[in-house]
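Have a look at the structure below, then the notes.
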Number of protein chains: 2
Amino acid sequence: MHTAAAHATKLELTKSQIVIAPQTAGLFRANSVTTFNAGAEIYAPGDKAGTFYHVEFGAVRIHRLLSDGRRQVIAFHLAGETFGFEADRTHSFFAEAIAPTGLRAINRAANDQALPELLSLALRGMLRAQEHIMMIGRQTAVERIAGFLVDMAERQGGLEHFDIPMTRLDIADYLGLTIETVSRVFAKLRAAGLIKLRSIRCIEIKKHEALRSLCA
Amino acid sequence: MHTAAAHATKLELTKSQIVIAPQTAGLFRANSVTTFNAGAEIYAPGDKAGTFYHVEFGAVRIHRLLSDGRRQVIAFHLAGETFGFEADRTHSFFAEAIAPTGLRAINRAANDQALPELLSLALRGMLRAQEHIMMIGRQTAVERIAGFLVDMAERQGGLEHFDIPMTRLDIADYLGLTIETVSRVFAKLRAAGLIKLRSIRCIEIKKHEALRSLCA
DNA sequence: CGATGCGTTGACCTGCGTCAAGACGAGTGG
DNA sequence: CCACTCGTCTTGACGCAGGTCAACGCATCG
């Protein structure tokens, strides 16, 4: 997280969001909340690992670049989720805020007693990655987008409409598609009356069951 | 592993491979070795989880089916590797032997003291899944196959030639391709002199660096 | 306002999937 | 030993889902 300071937020955040005193994120002994602007880097490949993060508000994108610039987004992490575990001493992906984001750092070394919780988080992360493999390995563009929307809806608590913090490019790179295909599929789902785009980043699911039935 | 008994091996296995006495697989308290024929199911989605497995010999395929029969192979596990952890109480994938295979079952509940090792295995599994996402999300058929071959070579100890236990269909379903594409890419790599097919399941890497340079 | 970044839409192209026809090799039985 | 079968693999011809290229709409911002 070497660029964190450089990207220090210029947003007006309420005092209540930037609590300084340590406090528990779940069962962990945690530190204070650090805020990041949209686009700010949290860590990069090669950075020392060992700290992980609880998203207090905002959203985070985990990704990696191929040498020629192709990008794969590995995961999104929304408010309430935890990320940043690594098998190795150093990180192997980029983590960036995709919206104004508050993170509570949790030091792994200081939480030896919480190993079972950590294991559970790691296993859940593995399962998520495996579901992601299913998604991009064998599903069509429509199936991927439908699955993505259903997943996002569920992770926001199942509301009938919700904001997505990521751009079309983020979605495309997450699903292994292009921005144009994402846009076209959105248009198709809208034309079919399954979703409504309240605004460019606010999605309303009109026919939940129909959308779910598109998921393979 | 409800079909284990039904599939009990008819192969002649040496006594030394079917040790009955408990013994440690790494740092774990483990049970005896069970053998499986090629194609035998080890567990299925919905089966009770909580036990994981150390591959003594042979190879295992983890996969899932979509409703219409499309299959995605999530992982292969070779001798010396460990698999079968789950985030939930039940398994969410199939595990099947793809060759005559010996597995040592390890009961998670009996290994609470080995939590750090378990965590490390889970994190490594997550990393592997994430690398897999990179592979199938953004890489071409040639890049995927090259990456697969390099990976297999490394996991067999970096020998200049090695057997692959899986069929072309397994490889295709692992890489999100079709069997025909896998076959064509193999032919292409062979024509370019990068690999040699000693037999249909025995691959010799002739130009290691060239092959590696094909990986994105 | 113009500029800049994101999103949409259309026309065209291509990498890989699909379909189809063998080839090869292991196993089986006569 | 050959003949036959069955599963796996290969190769070719063709088609299409999604990528590429290009033009334009639409906010936001200085």
Side-chain angles (χ1 to χ4, degrees), chain A residues 10-11 37-39 61 66 68-73 98-100 135-148 163-191 195-203 214 216, chain B residues 10-11 37-39 61 66 68-73 96 98-100 135-146 148 163-191 195-203 214 216:
Chain A
K10 63 186 176 190
L11 248 94
N37 276 334
R61 167 184 69 218
L66 298 180
D68 62 356
R70 278 174 288 174
R71 191 179 71 150
Q72 177 66 47
V73 172
I98 55 179
M135 186 113 136
I136 63 181
R138 282 293 175 212
Q139 296 184 216
T140 66
V142 169
E143 289 166 342
R144 295 181 208 194
I145 300 274
F148 172 75
D163 284 311
I164 50 170
M166 61 287 285
T167 65
R168 300 289 187 267
L169 183 57
D170 286 331
I171 298 172
D173 286 345
Y174 178 70
L175 298 176
L177 301 170
T178 59
I179 184 175
E180 292 94 334
T181 299
V182 171
S183 189
R184 275 187 260 265
V185 172
F186 270 44
K188 200 168 174 179
L189 294 178
R190 186 166 41 100
I195 63 171
K196 186 174 170 186
L197 299 174
R198 291 200 178 184
S199 78
I200 211 138
R201 298 284 183 87
C202 181
I203 291 169
L214 287 181
Chain B
K10 62 183 175 193
L11 247 94
N37 277 333
R61 165 184 70 218
L66 297 180
D68 63 356
R70 278 174 287 175
R71 191 179 72 148
Q72 176 66 46
V73 172
E96 291 177 10
I98 54 179
M135 187 113 135
I136 62 181
R138 282 293 175 213
Q139 295 183 218
T140 65
V142 170
E143 289 165 342
R144 294 181 209 194
I145 300 273
F148 172 75
D163 284 312
I164 51 170
M166 61 288 285
T167 65
R168 300 287 188 269
L169 182 58
D170 286 331
I171 298 172
D173 286 346
Y174 177 70
L175 297 176
L177 301 171
T178 60
I179 185 176
E180 292 93 332
T181 299
V182 171
S183 188
R184 276 187 259 266
V185 172
F186 271 42
K188 200 169 175 178
L189 294 178
R190 185 167 40 99
I195 63 172
K196 187 175 168 185
L197 298 175
R198 291 198 179 188
S199 78
I200 211 138
R201 297 283 183 87
C202 181
I203 290 168
L214 286 182

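Below, read A as the first sequence line, B as the second, and so on, with proteins coming before strands; counting in each chain starts at 1.
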Walk me through it: do Val185(A) and Phe148(A) pass the test side-chain contact (heavy atoms from CB on, under 4.5 Å)? CA-CA 12 Å; Val185(A) 172; Phe148(A) 172 75; over 6 Å; no

Using every non-hydrogen atom in the two residues, find where [X] and [Y] come nearest and quote the distance to one decimal.
| X | Y | value |
| --- | --- | --- |
| Met135(A) | Gln139(A) | O-CB, 3.2 Å |
| Leu175(A) | Ile136(A) | O-CG2, 3.4 Å |
| Ile164(B) | Arg168(B) | CD1-NH1, 4.0 Å |

Residues in salt bridge (charged side-chain N to carboxylate O under 4.0 Å, His left out) contact with Arg198(B), at least two apart in sequence or another chain: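 If we apply the salt bridge (charged side-chain N to carboxylate O under 4.0 Å, His left out) test to Arg198(B), skipping adjacent residues, the hits are Glu204(B).
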
For DNA chain D, which residues of residues 173-185 of chain B approach it to below 4.0 angstrom with any heavy atom?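 DNA chain D contact set from residues 173-185 of chain B: Glu180(B), Ser183(B), Arg184(B).
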
Quick check against the 3.5 Å criterion: does Arg138(A) have a side-chain atom that pairs as donor or acceptor with the backbone of Arg70(B)?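 Such a contact is absent between Arg138(A) side chain and Arg70(B) backbone.
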
Counting distance only, does the side-chain N/O of Arg201(A) pair as donor-acceptor with the main-chain N or O of Pro165(A) below 3.5 Å?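 Indeed, once roles are kept as given, a pair shorter than 3.5 Å links the two residues.
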
Round to a whole Å and report the spacing from [atom1] of [X] to [atom2] of [N].
| X | N | atom1 | atom2 | result |
| --- | --- | --- | --- | --- |
| Phe186(B) | dT8(D) | CZ | P | 16 Å |
| Ile136(B) | dG17(C) | CD1 | P | 12 Å |
| Ile164(B) | dT8(D) | CD1 | P | 14 Å |
| Lys188(B) | dT10(D) | NZ | P | 15 Å |
| Ile171(B) | dC16(C) | CD1 | C1' | 17 Å |
| Ile145(A) | dG18(D) | CD1 | P | 10 Å |
| Leu189(A) | dT8(C) | CG | P | 12 Å |
| Arg168(B) | dC24(C) | CZ | P | 15 Å |

Is there a side-chain contact (heavy atoms from CB on, under 4.5 Å) between Leu214(A) and Leu189(A) once you walk through the steps? CA-CA 10 Å; Leu214(A) 287 181; Leu189(A) 294 178; 3.7 Å; yes

Can Arg184(A) and Glu180(A) be said to form a side-chain contact (heavy atoms from CB on, under 4.5 Å), step by step? CA-CA 6 Å; Arg184(A) 275 187 260 265; Glu180(A) 292 94 334; 3.4 Å; yes

Give one of base, sugar-phosphate or nothing for Arg201(B), where a contact means two heavy atoms less than 4.0 Å apart.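 Counting heavy atoms under 4.0 Å across all strands, the contact made by Arg201(B) is with sugar-phosphate only.
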
Helical bend (five base pairs per end, nearest 10°) for the helix from dC1(C)-dG30(D) to dG30(C)-dC1(D):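 If I round to tens, the end axes sit 30° apart.
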
Closest to the Ile200(A) side chain: dG7(C), dC16(C), dT10(D)?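 Selected nucleotide (nearest to the side chain): dG7(C).
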
